[in-house]
2 protein chains.
Amino acid sequence: MTIEHVAPAPRMKAADRRELILEAATAVFGAKTYVGTTTDEVARAAGVSQPYVVRLFGTKEKLFTAVIERAYSRLIGEFRRALPGDPEGRAERMGAAYTGLLAERGMLPVIANSTALGGEPVIGRVARAGFSDIWRFIRDEAGFSPEESREFIATGMLINTIVGLRLTGDYGNEVSATEVLDACFPDAVAKVRALLPQVDEPW
Amino acid sequence: MTIEHVAPAPRMKAADRRELILEAATAVFGAKTYVGTTTDEVARAAGVSQPYVVRLFGTKEKLFTAVIERAYSRLIGEFRRALPGDPEGRAERMGAAYTGLLAERGMLPVIANSTALGGEPVIGRVARAGFSDIWRFIRDEAGFSPEESREFIATGMLINTIVGLRLTGDYGNEVSATEVLDACFPDAVAKVRALLPQVDEPW
DNA sequence: TGTTCAGGTAATCATTCGATAACAACCAAG
DNA sequence: CTTGGTTGTTATCGAATGATTACCTGAACA
């Protein structure tokens, strides 16, 4: 635990502090994976003490599930805002909404990593629920056909993989990485690239 | 550490023992994620002592990278065996090779999880290298077009996600899981479903 | 102006877990 | 046989880290 005598954090309503910690936690968990990050790192990123993080969320696991739930919730919110308008461009707008959310620190890696945690008893349930919500939204609210849904989700998973692997960092330097990105995002390479390198930036 | 007085493991050539441990480690890492599994669990799954696992591989991290390298290597091996024959059915045969490898304990979750670990300095390099090898194989040896490659990989990532989330098996009734599966694998639902539930079975 | 409670910290504990050391049995070669 | 390398073990350490406890402090309100 880092002992770092510091002026107490300025007073704040617990709800606001919670949101602030969730934002910081998203960034840290996103950069270092669930088990790889300590509650102390989250606390320092949020500018509070480690015990306070634990007290506000109960356990590290609960903190993480809160982060995941928030991420999926935000994602659906973005999708919903992209809904109205010409039905023709709906998929494009929703895709843009997705990449838009990527700009938020840690948001995408958290979502991407969550899909690999189905084996964890508690976290897995939350991750499945989040994914199911997305799927239902796409089918019911957005009205995608099965084939459209599959295509849309698959593209999202591909983005997740590319970001998860940090392949964007190798673009231009490594042949295969360059090729993968060119093949997967013929139109949007620049956009995807511009958004993602910052994923690991120190907090 | 589990103290469990046990008759010494029967003697074996170190190379064979290594392979045996790698197989066991694949199953355990696949079921519980990298940081979630202990070297002691791997050791017990392999029927040897924990310190011996560490000594054979140096560190837990090196053990895991060995597991990943082996997984991608096996995967390319399977793909290569599916290559000869009518070029028309090549993609189908390779897909079958993939799902075939899934039957091996932990193999798929290890590959799937590896794509989320690009942020780890050492493991990330290995994961990227493995993915790049697959990509190069698909382009160069299998001769897929960019669009075919993208489609092929995307489908694989979708499978990874579904398995990673454990949308199959016992959890299948929990959510719209069957719907996801039906939409994503209209032809192969039965096959995929039959293969995957066993991912987490106790070792 | 006292008092009460929410917001927050410092100190410390209890485990867990990867790693190390030291030792023991087996087998092959000279 | 005995000697040396290989295969393995038991015992134990040390660091990391999530959680707990006890305490402090500022403001709102009577």
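Naming: A, B, ... by sequence-line order, numbering from 1 per chain. On a predicted model such as this, the values are computed, not experimentally measured, just so you know.
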Colleague: Check every atom of D:dT9, C:dA19, D:dG18 against the side chain of A:Gln50 and return the nucleotide holding the closest atom.
Modeller: D:dG18
Colleague: Roughly how many Å is it from CG in A:Asp40 to P in C:dC13, rounded to a whole number?
Modeller: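 In whole Å, C:dC13 P and A:Asp40 CG are 18 Å from each other.
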Colleague: Taking A:Met12's backbone N and O only, do any of them form a donor-acceptor pair with A:Asp16's side chain (distance below 3.5 Å, no angle check)?
Modeller: no
Colleague: Give, ordered by number, those residues of residues 63-71 of chain A having at least one heavy-atom distance below 4.0 Å to an atom of DNA chain D; if nothing qualifies, reply none.
Modeller: none
Colleague: Less than 4.5 Å apart, side chain to side chain, heavy atoms only: is that true for B:Phe64 and B:Phe57?
Modeller: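 No, every pair of side-chain atoms sits at 4.5 Å or beyond.
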Colleague: Nearest whole Å is fine: how far is D:dT17 C1' from A:Glu41 CD?
Modeller: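 My rounded result for the distance is 11 Å.
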Colleague: Atom NZ of B:Lys13 to atom C1' of C:dA28: distance rounded to whole Å?
Modeller: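 Computing the B:Lys13:NZ to C:dA28:C1' distance gives 11 Å.
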Colleague: DNA chain D: A:Gly36 or A:Pro51, which has the more 5' nearest nucleotide?
Modeller: A:Gly36
Colleague: Please report, rounded to the nearest Å, how far the C1' atom of C:dC26 is from the CZ atom of B:Arg17.
Modeller: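 Rounded to whole Å, this separation is 14 Å.
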Colleague: Salt bridge check: are A:Glu174 and B:Arg125 linked by an N-O gap of less than 4.0 Å?
Modeller: no
Colleague: Parallel, tilted or perpendicular, judged at 30° and 60°: which one describes the rings of A:Phe137 and A:Phe79?
Modeller: parallel
Colleague: Could you walk me through whether A:Arg105 and A:Glu23 satisfy the salt bridge (charged side-chain N to carboxylate O under 4.0 Å, His left out) test, starting with their C-alpha distance in whole Å, then the side-chain angles of each, then the deciding distance to 0.1 Å, before giving a yes or no?
Modeller: CA-CA 8 Å; A:Arg105 235 189 189 97; A:Glu23 191 183 329; over 6 Å; no
Colleague: Are the side chains of B:Val126 and B:Glu61 in contact, using a 4.5 Å heavy-atom criterion?
Modeller: no
Colleague: OP1 or OP2 of C:dG8 sitting under 4.0 Å from any side-chain N/O of A:Tyr52?
Modeller: yes
Colleague: Could you check how far CD of A:Glu61 sits from C1' of D:dT17, rounded to whole Å?
Modeller: 16 Å
Colleague: Nearest whole angstrom, please: distance from the P of C:dT9 to the CZ of A:Arg44.
Modeller: 14 Å
Colleague: D:dT7 P sits how many Å from B:Leu56 CG, rounded?
Modeller: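 Atom CG in B:Leu56 sits about 8 Å away from atom P in D:dT7.
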Colleague: How close or far is atom C1' of C:dT20 from atom NZ of B:Lys60, stated in whole angstroms?
Modeller: 18 Å
Colleague: Taking atom types as modelled and ignoring hydrogens, do the side chains of A:Tyr34 and A:Ser114 form a donor-acceptor contact shorter than 3.5 angstrom?
Modeller: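 Side-chain D/A pair, A:Tyr34 to A:Ser114: absent.
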Colleague: Got a donor-acceptor pair under 3.5 Å from the side chain of A:Arg55 to the base of C:dG8?
Modeller: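 Such a pair exists between side chain and base.
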Colleague: State whether B:Ser49 places a side-chain N or O below 4.0 Å from either non-bridging phosphate oxygen (OP1 or OP2) of D:dG8.
Modeller: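 For B:Ser49, the contact criterion (side-chain N or O under 4.0 Å from OP1 or OP2 of D:dG8) is not met.
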Colleague: Please test B:Arg74 against B:Glu104 for salt bridge (charged side-chain N to carboxylate O under 4.0 Å, His left out), starting from the C-alpha separation and ending with a verdict.
Modeller: CA-CA 11 Å; B:Arg74 296 280 311 271; B:Glu104 194 157 327; 2.7 Å; yes
Colleague: Assuming nearest nucleotide by heavy-atom distance, tell me which of A:Ala15 and B:Thr38 is located more 5' along DNA chain C.
Modeller: A:Ala15
Colleague: If you restrict it to nitrogen or oxygen atoms, what contacts under 3.5 Å exist between nucleotides 25-27 of chain D and the protein, and what is each distance?
Modeller:
unit_1: D:dT25; atom_1: O2; unit_2: A:Arg11; atom_2: NH2; d: 2.9

Colleague: Any carboxylate oxygen within less than 4.0 angstrom of a Lys/Arg side-chain nitrogen, looking at A:Glu147 and A:Arg139?
Modeller: no
